[in-house]
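Residue indices begin at 1 and follow the sequence shown.
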Amino acid sequence: MRWPRNNERHFSVWGSALIGLAIFAALAGRLFFAFERGPLAGDEITYVRYADNILSGRGFVTLAFGLKFRLYVAPAYPVFLVPFRAVFDLATLPRAVGIAQAILGLGTAALIYLAARRLGGRVAGGVAAFAVLFHPYMAFFGSRVLTETLSIFLFALFLSLYLDENAGPYKLGAAGAVMALAALTRAVFLYLGILACVCLLFRKRGEPWRKRVINAGVAAGALVVVLAPWTVRNFALSGRLIPVTDVSGRILYQGNRDLAEEDYPLPDKLIQTEAFRKRVAPFADDPVAVELAFQDATKEKAMRAIAGNKREFLLLSLRRLGRTFSLHPNLAEGAEPVPGVGFVIPAVSVFTVLLYVAAAVGFFAAPGRLSKLFLPLASIVNTGIHALLISLLRYRLPTDLILTLVAGLGVAFLWERVRRRERTADGGGLT
């Protein structure tokens, strides 16, 4: 049974109006977070310091924990901040960046719409875009001077290029290059990029192996080419192969220091200990060598603590995983609470439950081998890495971006089942 043609036109007008209203409401919410925020805090300060030093000609360097760091942070986000820092002072910078990232958030929704529509049709695209527009954590962290908004925008662009079963070398090469830019924003995307190239080897059952290898090779080549200048720079500085950053030691240490029987100090206190001073004494005049020694020392301490407490490490990782996907998490880590948002926590919890349920259906209903391979594996890789290290809520956003996409597929699958039953019932009534 079809709508009369004039009713379809009327419905189209209302649909367009509702879409416009949704976009306006989502942008208004993001701008609210951008304007109702305090001064820079936590990692925000580190990123702005890098931007300041780039702008002043001192290079990609900053002070943290009392040391000079050159290999500590991926470069793309500090570079993104440079034009903002050139124009705005520290008081107005957070709002300016928040406004720009609010617009990036709308771009992310548009890209996810394209990816989901290609896989599951307009209903899938609309639901996925709606979930991105009104995702509470994406909206909140869009107001923070942090890497998440830029990195998930790039990840959404990658997905819109990559999740095309008929994509050829040109589109897949572009996808590999975009994933490299995402990795230069947050290093975890390097692992997702490697996974994406491997999944291309199994994209279609009937596709010739030669074509699969060429496609995977082109995507991997583009990934390597875009990463290469930064990797070469890191090797020239350190003498080590560091594709993006060398920060895993500090993160592993800080996330698992509670496992140690001895009284582990925080990273800045560790630097002040006599043992660390003895370790760096032979090359105390070389800031890069001291930075590498810091990462090595923290990694060694963390690995000893983990090796001696394997069961406790497993339990701690499971607790981190539970906190990451909690239905009632803390919004702001190291930032001032946003006034007036406490009353929406129940709505956030409901949104999260609906997202999880729809995504579970979507993983089942996802069409094609590539989406069935890459999307769940990428979710596991991103979540697993952070479950072993540090469980900050914002680190789950790449996984949540995937969940919004597959949630769209899940709702479209259920919607089609309902329509099919209605058509069957209408047909039965006519006979």
Side-chain angles (χ1 to χ4, degrees), residues 30-31 33-35 37-105 107 141-154 157 177-178 180-190 226-238 242-247 250 267-268 285-292 294-295 333-336 394:
R30 282 166 164 75
L31 293 177
F33 284 125
F35 281 95
R37 61 150 296 157
L40 297 168
D43 289 343
E44 294 179 311
I45 297 170
T46 300
Y47 291 120
V48 172
R49 284 175 178 169
Y50 273 107
D52 284 343
N53 287 330
I54 295 170
L55 193 61
S56 66
R58 289 190 291 270
F60 197 83
V61 61
T62 193
L63 289 173
F65 307 118
L67 301 178
K68 284 186 177 179
F69 283 109
R70 288 174 170 82
L71 304 163
Y72 185 64
V73 164
Y77 193 68
V79 172
F80 171 80
L81 293 178
V82 165
F84 294 96
R85 194 67 187 99
V87 176
F88 300 100
D89 59 24
L90 289 177
T92 56
L93 177 74
R95 290 182 178 178
V97 173
I99 293 169
Q101 291 183 166
I103 297 170
L104 271 184
F141 287 111
S143 69
R144 306 287 108 178
V145 186
L146 297 168
T147 60
E148 275 63 37
T149 300
L150 177 60
S151 64
I152 65 170
F153 171 80
L154 292 169
L157 178 56
V178 169
L181 294 175
L184 291 171
T185 309
R186 281 198 56 79
V188 70
F189 287 101
L190 176 60
V226 175
L227 281 176
W230 187 252
T231 305
V232 170
R233 174 260 189 193
N234 289 346
F235 185 81
L237 278 174
S238 66
I242 302 173
V244 183
T245 65
D246 184 22
V247 71
R250 197 276 298 175
D268 55 336
D285 295 330
D286 184 346
V288 173
V290 173
E291 179 182 355
L292 293 171
F294 170 67
Q295 296 295 345
E333 296 128 349
E336 293 181 0
R394 57 192 172 94

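- One finds the CZ atom of Arg186 at 15.5 Å from the CG atom of Leu181 (value rounded to the nearest 0.5 Å).
- No more than 12 heavy atoms of other residues, nucleotides or ligands shown are found within 6.0 angstrom of CG on Asp285.
- Here Asp43 contributes atom CG and Arg144 contributes atom CZ; the two are 12.5 Å apart, rounded to the nearest 0.5 Å.
- Partners of Arg30 under the salt bridge (Lys or Arg N to Asp or Glu O under 4.0 Å) rule, at least two apart in sequence or in another chain, do not exist in this structure.
- The two residues Ser151 and Thr185 come nearest to each other via the heavy atoms CB-CG2, 3.8 Å.
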Compile the donor-acceptor pairs under 3.5 Å between side chains in residues 72-84 and protein atoms, sequence neighbours left out, one pair per line.
from: Tyr72; atom 1: OH; to: Arg250; atom 2: NE; distance (Å): 3.3
from: Tyr72; atom 1: OH; to: Arg250; atom 2: NH2; distance (Å): 3.0
from: Tyr77; atom 1: OH; to: Gln101; atom 2: OE1; distance (Å): 2.7
from: Tyr77; atom 1: OH; to: Leu146; atom 2: N; distance (Å): 3.1
from: Tyr77; atom 1: OH; to: Leu146; atom 2: O; distance (Å): 3.2

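- Residues satisfying the side chain to side chain contact (heavy atoms under 4.5 Å, CB included) criterion with Asn53, sequence neighbours excluded, are Ser56, Arg58, Val61, Thr62.
- With sequence neighbours excluded, no residue forms a side chain to side chain contact (heavy atoms under 4.5 Å, CB included) with Ile103.
- Looking at Glu148, its side chain never comes within 3.5 Å of a backbone N or O of Phe141 through a donor-acceptor pair.
- Separation of atoms CG (Asp52) and CD1 (Ile45) is listed at 11.5 Å; rounding is to 0.5 Å.
- Of the inter-residue distances, the one linking Ile152 atom CD1 with Thr147 atom OG1 reads 10.0 Å to the nearest 0.5 angstrom.
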Review point. Going through the checks in order, is the side-chain contact (heavy atoms from CB on, under 4.5 Å) test met by Arg85 and Leu90?
Key: CA-CA 8 Å; Arg85 194 67 187 99; Leu90 289 177; 3.5 Å; yes
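- Closest non-hydrogen pair, Val226 versus Leu184, comes out as O-CD1, 4.1 Å.
- Closest of all the heavy-atom pairs between Leu190 and Pro243 is CD2-CB, 3.7 Å.
- Sorted by first then second residue, the salt bridge (Lys or Arg N to Asp or Glu O under 4.0 Å) pairs that include residues 69-84, not counting sequence neighbours, number zero.
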Practice item. Go through the steps to decide whether Asn234 and Thr231 satisfy the test side chain to side chain donor-acceptor pair (under 3.5 Å), and finish with yes or no. Key: CA-CA 5 Å; Asn234 289 346; Thr231 305; 5.6 Å; no
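- Of the possible donor and acceptor atoms, none in the side chain of Thr92 sits under 3.5 Å from a partner among the backbone N and O of Phe88.
- Checked against Glu44 for a salt bridge (Lys or Arg N to Asp or Glu O under 4.0 Å), the options Arg37, Arg49, Arg394 give a single hit: Arg37.
- With sequence neighbours excluded, the residues satisfying side chain to side chain contact (heavy atoms under 4.5 Å, CB included) with Leu63 are Lys68.
- For the atom pair Trp230 CH2 and Ile242 CD1, the distance stands at 10.5 Å (nearest 0.5 Å).
- Between Arg233 atom CZ and Leu71 atom CG the span is 6.0 Å, to the nearest 0.5 Å.
- The heavy-atom pair separating Tyr50 from Phe69 by the smallest distance is OH-O, 3.4 Å.
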